Structures are given as structure tokens and as C-alpha cells.
Amino acid sequence: MPTSGDGSAALPHVVLLPSAGMGHLVPFSRLAVALTSGHGCDVSVATVLPTVSSAESAHLEALFAACPAVRRLDFHLAQFDASEFPGADPFFLRFEAMRRSAPLFGPLLAGAHALVTDIALASVVIPVAKELRLPCYVLFTASAAMLSLCVHFPAYLDASAGGPVGDVDVPGVYRVPKASIPQALHDPKHLFTRQFIANGRELARSDGLLVNSFDALEPEAIAALQNGSVVAGFPPVFSVGPLAPVSLSAGEPAKSQSDYMRWLEAQPARSVVYVSFGSRKAISKDQLRELAAGLEASGHRFLWVVKSTVLDRDDDADLGELLGEGFLERVQGRGVVTKGWVEQEEVLKQESVGLFVSHCGWNSVTEAAASGLPVLAWPRFGDQRVNAGVVARSGLGLWVDSWSWEGEEGLVKGEEIAEKVRAVMADETARKKAAGVRDAAAKAVADSGTSYQNLAQFVQRCRDGS
Ligand code: UDP
Ligand code: UDP
């Protein structure tokens, strides 16, 4: 048990080290607040400036302003020459820059009782913590199904002796079809693949894993990780989700003042389709136009967040031009389209929203689960097809697995999109199943629930120094 200078019991000091991208930062912020306010920890978050996207800067600023108990630790990266990786994704480059700077991280850990690092940094940070004899945990920012794939993948590759990647049967979980394997993993030389394999191999040396999921959402994957079916002797896996959103708007004008929120509040119950493909990737102009045609033809109201560039700082495209002549005028009144950041958490809570057309970034999935909002899954990239599989299995929503994703030929046509949107909007069973997932999520995070208890157990281990 950690003690303070006067011998009394001190709060366990936990340092969090996220990597880049909102998909990683958001769950770390949520964990920081859950540990500080719900479980009596002293928490510091390591921060690398400048961030890759503007969304991350705004998020960090709001976090430290709204939650003064969470301390900020500035982490300065070593010089990094990105020209070694021409054309690489800017977020993967930041992962690499942070990975190469890992040895500099030691001094920030003075006085810490435990470290929680990001999956993208695991293989380089675990050895630093070991050297310091500091317990090191990893927050896995995607689904438990994806975690099981990450843990098993190195063994799969070893057994396939350099052959092409096909379906991957994760022991104790299920078979991940070849088409759902993240695009990069088919290329052994890809920067992401090298990081992914190194991280997957090293996880067994961590002191434990935290995953933003809950037992009722992913029973097979969580049980298989915990009972050693995926890898024998794997460290403890704490399913602690869905981590609660953090209110970061203190001091700002009420969210209901924003145009889209005022509009949403004025629409009838369950009449609006919310469409968002997350913060990470752009969709091609041709596919955006088909989606526009599909939403228009569906006849439903919609709120659509359009992203046409990878980096928000680069986005100067004109919406009218992007979506085709006359589209915005034709849907005026029943469709709201924005390129800006929306408060997704608030959107998902609105009664007027009846369906979430989502790329299935894991945070979006957990937010839909907590709100009981049916999802029409349209994964585009990376782990999203694995996550969409969870959506379909758990009853949270539906997934048309023939719809293409990044790197595949074939546009999904507007008529097909319209038809599916209409079908799911009219599907009472889908609505009830999603509500069932919401009830299970609420149960998991209640005081006696599995996720709450697992997080409490993790904190106890930090107190005990294990
Ligand atoms: N998000 C948001 N507003 C937006 C876009 C995204 O609040 O306009 C939030 C969303 O609620 C989620 C996170 O940003 O918490 C995105 O993470 P996710 O894992 O869903 O997808 P990614 O952006 O990493 O692909
Ligand atoms: N990931 C992983 N190992 C790594 C890096 C990432 O397992 O070395 C996971 C990560 O949690 C996510 C997926 O791989 O589930 C894709 O990562 P990326 O950062 O591209 O996606 P994002 O979370 O930013 O949408």
C-alpha cells in the first residue's frame, strides 16, 4: 500500500500514457476521470504537443480545464524523421515517433504506483516500466474481440511461416474472416503491422489489460482472454466498459445552443438517422455522393457529419461542391450536414435519433451501446469490421458485410443505402435488442456490476503495488 510522507495511506498515483488520435485519447480521458472521481486515484496524463489533429488539442484543453484533479505531464518527443515512411498515415507516424521516444518516458514516472499505456505503445513502454519495477498495464482501446486477435496474431503468423494472411481462428473466441482482418495486416512490411505484432507479442509481459467493453457485450472474447484460451498464462484482463463519457463543456455555452442540437431537439422521437464515420479517415468523394443520394432517397430526417480529409486541419472543402449540386437545398429542413465536430455523446442521447449509421470505431460502438441506439454498421478501416462483428453478434445492430471498405473495389450505391436505412428504421426487433444491450451496459457499470467491480479490482492492485 503506498504511503505519503507522514506515513498515512496515500492515493495510488496512476500515470496514463495515451497515443495519438481521438479513438485513443477519448477512452484514456474517460479512464482518467473514472479513476479520479469514482475510485479515489491520483491521476496524471502524459501529453504530447502539438497533437496530430485539432480535435485532440481541443479535447485535451477541455479535459484539463474541466477536471483539475487530473494532472498533465508534458512529454517531449525526440527528433523523428518521417521521411523514412513516405505517404504513411499521420497517426501511425505519431505512434512511431512516440515509440522511438519511449526511453525518455522514465523520468515522468517518478512517484507513480502504476502506469497504464496505450496498446500502440505497449512493446516499447512495458520494458521501460519493468526496468523501473513499476507495474505496467495496457488500455486496449478497441473491442475485446480485436484484443484477442492482437494477442493471437503473432502465433498465427509464426504457424503460417510467411504465407498470406487468411481467416484467423482465435482460440476460444471465433474465426475472424480474412475480409475482416485490418487492411494493413496483409502486408508484413507495413508500419502498422510491425507495431501490431511487436505489441501483440509483448502483452503477455504486462501486468494486466484494461478493455473498454463489458462481459454481456463480448462474452466469448472476454472469457477466452481471461481463462487462458487465447494464450495460456495471459495476465489478467479487466473489462471495465462502457467507460462513462466526460462532460468537458464546463464554462462553454450550453450544447443545446448549437444549431444541430436545437434542430435535433425539435424533431419527433426516433425520426432522425445520425451518420458519422468517426474522426480518423476520409471517405472518397464518389462514395460520399452515393451516401448523399441514399440519405435523400431514404425519406428520413438525418444529421450527417462529413469528413473528407484525414486531418481536420486540412479540411477546406466546400460541402455543396462535395455532395453534388443542389443536394443541400433539396434536403433543407430534413437533413443537417456538418463538417464540424459534433458532441456525439449528446447526439446519441437525443430522443429524436432513431438510428446510428456508424463506421464502428470502438468508442462509437460503446457509446451506442450505452444509449441503446440501433447501429447500421458500415466499417471502413482497421479494426472496424471486427467491431462490426461484435455489433451484429450482440444484437446492438446490423451489418451488411458485403459493403466495401477502404482499399476494396466497388461503391455502395445510393439505392442500397436507402433501402437498408428504411428497413432498420422500421425494425422494431432491432430497437428492442439495442435497448437490451443498453440495459446490460447499465448493469455492468452499476456499483455491483462486473465492469465497476473489475475497475475496483484494478485499483486495488495499484494500491497493493502489484
Ligand atoms: N466524436 C465526436 N464528434 C465527432 C466525431 C467523433 O464526439 O464529430 C467522438 C466519438 O463520440 C468518439 C470518438 O470521437 O468518442 C471517435 O472514436 P471512435 O473510436 O468512434 O472512432 P475513430 O474516430 O477513432 O475512428
Ligand atoms: N492496435 C493494436 N496494436 C497496435 C496499434 C493499434 O492492436 O500496435 C489496435 C487499436 O486499438 C485499434 C486498431 O488496432 O483497435 C486500429 O488502430 P488505429 O490506431 O489505426 O485505429 P483508431 O483506433 O485510431 O481508429
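A quick note: this is a predicted structure, and the numbers were derived from the prediction, not measured. Residue numbers start at 1 and run along the sequence shown. Start at 1 and go down the list; that is how both ligands and their atoms are numbered.
By the 4.0 Å N-to-carboxylate-O rule, K420 lies too far from E416 to be salt-bridged with it.
Considering only non-hydrogen atoms, atom 4 (C) of ligand 1 lies nearest to V342 out of L25, V347, V342, V306. Nearest to atom 22 (P) of ligand 1 by heavy atom, out of H359, M22, E345, is H359. Considering each of N212, T141, V26, T366, the one bringing a non-hydrogen atom nearest atom 13 (C) of ligand 1 is V26.
Going from atom CZ of R270 over to atom OG of S352 covers 10.5 Å, rounded to the nearest 0.5 Å.
Residue G278 has at least one heavy-atom neighbour below 4.0 Å for each of these atoms of ligand 1: 23 (O). Close approach of ligand 1 to W362 is summarised as follows: ligand atoms under 4.0 Å from at least one heavy atom of the residue are 19 (O).
Counting heavy atoms closer than 4.0 Å to ligand 1, residue W341 contributes atoms from both its backbone and its side chain. When heavy-atom distances to ligand 1 are checked against a 4.0 Å cut-off, E367 comes that close only through its side chain, counted from C-beta outward.
For the pair R201 and F153, the cation does not sit on the ring face, since its NZ or CZ is not both under 6.0 Å from the ring centre and inside 45° of the axis.
Considering backbone and side-chain N/O of S276, none are found under 3.5 Å from N/O of ligand 1.
Summarising the local packing, CD of Q332 is surrounded by 12 or fewer heavy atoms from other residues, nucleotides or ligands at distances under 6.0 Å.
Across every non-hydrogen atom of G410 and S404, the tightest pair is O-OG, 2.6 Å.
Side-chain contact of R99 with S123: a donor-acceptor pair under 3.5 Å is present, judged by distance alone.
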